[in-house]
Amino acid sequence: MTVGILALQGAFIEHEKMLSQIGVTSFEIRKKDDLHRHFDGLILPGGESTVMIKLLKELEMFEEVKSAIINGLPVFGTCAGMILLAKDVCNDKMNSLSTMDITVRRNAYGRQLGSFSAIAEMKGIGKIPMTFIRAPYIDSVKDNVEVLSIVDGHIVAAREDNQLATSFHPELTQDVSVHKYFVEMIRGTKSGRRSSV
Ligand code: GLN
């Protein structure tokens, strides 16, 4: 199994390290051609969602990534990556990939509480450490979306079929269980494409 990691900006190296710890090969997706290599799943890392959207468009990768996800490519978005997946961002006008039936709130914890850690339950995994950095949270989800974690009354992890999103950064902790969960998701994906874009 090979996982592609969008590496235009942000915390992508940390995802590579997590995947290598659990024995999964990955490579960085930096340009359109990289999308034509074989990969079974895609990670959209944390960083600055506006910059990532701009670069995806400038590099002519936006539509290909979007249609691959719509066609069933397993994807895992962390923090800014979650904003990229959201169909709706309630406090900002974004032109995101808009593939997942969630409404997110950007920079939802304000400046004071911009960064914090928590230990909380994630459905299907158990208690895990969570690192939040100027994080969004999920305001609301449609019926087809499974809520996987709630911290302080806010949804911070969710799944819709082939799409997994977390407000927090599991790759900035020592705990590989969310990455393992994603790898299991890739293995279990029945419909859709399992190869490259
Ligand atoms: N605040 C960033 C954004 O809105 C997300 C922060 C992160 O990915 N750590 O895109």
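Ligands are counted one by one from 1 in listed order, and the atoms in each one are counted from 1 as well.
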Measuring centre to centre across the rings, with the benzene-like ring taken for any Trp, is H169 within less than 6.0 Å of F132? no
With ring pair (Phe, Tyr, Trp, His ring centres under 6.0 Å) as the criterion, how do Y137 and Y109 come out once you've worked through the C-alpha distance, each side chain's angles and the decisive distance to 0.1 Å? CA-CA 8 Å; Y137 60 63; Y109 296 93; 5.3 Å; yes
Could you check whether Q21 and H179, counting side-chain N and O atoms only, form a donor-acceptor pair closer than 3.5 Å? no
Contact residues of ligand 1 with a heavy-atom cut-off of under 4.0 Å? G46, G47, E48, S49, C79, A80, I83, R106, N107, I133, R134, H169
Return the set of residues passing side-chain hydrogen bond (donor to acceptor under 3.5 Å, both in side chains) with E121 (not counting sequence neighbours), or none when no residue passes. none
Strictly below 4.0 Å, N to O, side chains only: are E184 and R187 in salt-bridge contact? yes
If you measure from the Lys or Arg side-chain nitrogens to the Asp or Glu carboxylate oxygens, is any gap between R37 and E28 under 4.0 Å? no
